[in-house]
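Beneath this line is the structure, given in structure tokens, with notes to follow.
Quick note: residue numbers are just sequence positions, from 1. The analysis underlying the following values was restricted to heavy atoms, covering all of them including side chains, and did not include hydrogens, waters or symmetry mates. These numbers were taken from a predicted model, which means no experiment stands behind them.
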Amino acid sequence: MPSVTSQARGAASRAAGNTWLERLTRAGFLGYGVLHLLFAYVIVQIAVGGRTADGDQSGAMHELAEESFGAALIVIMVIGLVAMAVWQILEIFTVRRHLERAASAVRAAFYLYLAWNGVKVLRGKNTSSADTQQNATEGLLGSGPGRLTVVGAGLVVTGIGIGLAVVGLTRRFEKHLKVGQMTSAMRRLIGRLGMLGYIAKGIAYAIAGVLFVVAAVQYDSDKARGLDAALRALSERSYGMWLLLLTAIGFVAYGLFAVAEARYRKV
């Protein structure tokens with residue numbers, strides 16, 4: 001008799017192999033790529049001092065919602081993100097290494113978080129994820145345990161940022177790609193896009209995490225705005241505009257890499 005664990009793993013493998021789930025997941029990667037390209041546009045707007053939404057993914061969605069076709073694209077994006085989350089939840093039951101399971105759980109939670117932000121934008125809610133993070137942090141800073149929670153969250157986000165940068169530097173992302181189906185030129189191009197994109201994302205998230213810790217130490221919830229706070233902090237540095245433009249290039253690279261994943265990712 002097969003164990004309950006093996007039965008669950010088998011059921012998850014069969015569900016993961018569903019053709020429609022694969023198609024929706026690949027569509028999700030396309031939307032995910034577009035979201036990062038929009039985010040890069042928001043970063044450029046911050047760099048040049050133009051009018052812009054908050055410097056995070058929800059801000060990018062708000063920018064998209066202002067276009068005539070924006071709502072339809074956000075709906076497609078939300079469906080794709082939910083499919084990506086389901087795919088990662090199934091991965092938790094099919095992969096055997098604990099670290100890979102944890103990574104799949106984090107990715108699933110993040111995709112669902114982005115999908116929920118998309119739903120809020122579609123419902124016309126103007127509150128951004130940066131505002132939500134700031135408001136939540138402000139409520140926690142009033143107590144010792146709350147401040148420790150903010151510090152812990154900051155350390156986790158910093159760790160995720162460092163992890164993303166390491167994935168980019170080591171090009172570990174290539175093990176998830178169908179490299180055998182690529183030409184040598186395509187493999188080089190996608191490899192460079194992935195490396196640059198992961199490093200840029202990693203640095204941005206690491207800065208955001210450090211600012212969460214600073215927010216707890218200084219009782220300053222303005223610093224606990226996630227990526228938005230990280231980008232604003234960069235803009236205040238010497239050569240801030242150029243640092244932000246380099247960051248935008250990195251997110252463009254990641255967006256194009258995600259679009260390539262729609263074709264070459266192992267799903």
Completion exercise
dist Lys201:NZ -> Leu164:CG (nearest 0.5 Å) comes out at 6.0 Å
Exercise for the section: Give the minimum heavy-atom separation between Val252 and Ala40, together with the two atoms involved. Expected result: CG2-CB, 3.5 Å
Practice task
Could you list the residues that satisfy salt bridge (Lys or Arg N to Asp or Glu O under 4.0 Å) with Arg265, not counting sequence neighbours?
Solution key: Glu261
Practice task
Determine the interplanar angle of the Tyr32 and Phe29 rings, folded into 0 to 90°, and report it as parallel if under 30°, tilted if 30 to 60°, perpendicular if over 60°.
Solution key: perpendicular
Practice task
Please answer: with hydrophobic residues joined when any side-chain heavy atoms are less than 4.5 Å apart, are Val179 and Leu189 in the same cluster?
Solution key: yes
Practice task
Look at the side-chain heavy atoms of Ile, Leu, Val, Met, Phe, Trp and Tyr, link any pair under 4.5 Å apart, and say whether Val267 and Leu112 land in one connected group.
Solution key: no
Practice task
Kindly compute the distance separating NZ (Lys178) from NZ (Lys266), expressed to the nearest 0.5 Å.
Solution key: 9.0 Å
Practice task
Can you measure from CG (Leu35) to CG (Leu64) and round to the nearest 0.5 angstrom?
Solution key: 8.5 Å
Problem - Stepwise side-chain contact (heavy atoms from CB on, under 4.5 Å) test for Gln181 and Arg263 - result: CA-CA 10 Å; Gln181 297 182 7; Arg263 169 66 178 84; 3.0 Å; yes
Exercise for the section: Could you tell me whether Glu236 and Arg232 have a side-chain N and a carboxylate O separated by less than 4.0 Å? Expected result: no
Problem - Shared hydrophobic cluster, Val213 / Ile162 (ILVMFWY, side-chain heavy atoms < 4.5 Å) - result: no
Problem - Derivation and outcome, side-chain contact (heavy atoms from CB on, under 4.5 Å), residues Leu81 and Met84 - result: CA-CA 5 Å; Leu81 286 167; Met84 292 170 72; 4.3 Å; yes
Handout entry: Arg171 CZ: over 12 foreign heavy atoms closer than 6.0 Å
Key = yes
Practice task
Indicate, with yes or no, if Val156 and Leu211 share a hydrophobic cluster defined by side-chain heavy-atom contacts under 4.5 Å among Ile, Leu, Val, Met, Phe, Trp and Tyr.
Solution key: yes
Handout entry: Leu73 side chain near Val34 side chain, heavy-atom distance below 4.5 Å
Key = no
Exercise for the section: Quick one: sort the Phe251 and Phe39 rings into parallel, tilted or perpendicular, breaks at 30° and 60°. Expected result: perpendicular
Problem - Geometric class of the Phe257/Tyr198 ring pair [parallel <30°, tilted 30-60°, perpendicular >60°] - result: perpendicular
Completion exercise
CG of Leu244 to CD1 of Ile249, rounded to nearest 0.5 Å, is 11.5 Å
Problem - Nearest-0.5 Å distance that lies between atom CH2 in Trp87 and atom OG1 in Thr94 - result: 10.0 Å
Practice task
Would you indicate whether the side-chain heavy atoms of Met61 and Lys120 approach each other to under 4.5 Å?
Solution key: no
Exercise for the section: Side-chain contact test, heavy atoms from C-beta onward, threshold under 4.5 Å: evaluate it for Thr247 versus Ile203 and give yes or no. Expected result: no
Practice task
Return the minimal non-hydrogen interatomic distance between Val121 and Ala65, and the atom names on each side.
Solution key: CG1-CB, 3.7 Å
Problem - Heavy-atom pair of closest approach, residues Leu21 and Ala83 - result: CD1-O, 3.7 Å
Practice task
For Met182 and Leu177, run side-chain contact (heavy atoms from CB on, under 4.5 Å): C-alpha distance rounded to whole Å, both residues' side-chain angles, the deciding distance at 0.1 Å, then the answer.
Solution key: CA-CA 9 Å; Met182 304 177 192; Leu177 302 176; 3.9 Å; yes
Practice task
Evaluate the criterion side-chain contact (heavy atoms from CB on, under 4.5 Å) for residue pair Leu169 and Ile199; output intermediate values, then yes/no.
Solution key: CA-CA 7 Å; Leu169 287 169; Ile199 292 173; 3.6 Å; yes
Practice task
Ignoring hydrogens and angles, tell me if any N or O in the side chain of Ser104 forms a donor-acceptor pair with the backbone of Ile92 under 3.5 Å.
Solution key: no
Fill in the blank from the handout: Correct closest heavy-atom pair for Ala230 and Ala208 would be CB-N, 3.8 Å
Practice task
Work out which heavy atom in Phe173 is nearest to a heavy atom in Ile190; give both atom names and the distance.
Solution key: CE1-O, 4.3 Å
Completion exercise
Value for CE (Met195) from OG1 (Thr170), rounded to nearest 0.5 Å, stands at 10.5 Å
Problem - Same apolar cluster: Tyr205 and Val151, side chain cutoff 4.5 Å - result: no
Handout entry: Closest contact, heavy atoms only, Tyr41 versus Glu63
Key = CE2-OE1, 3.8 Å
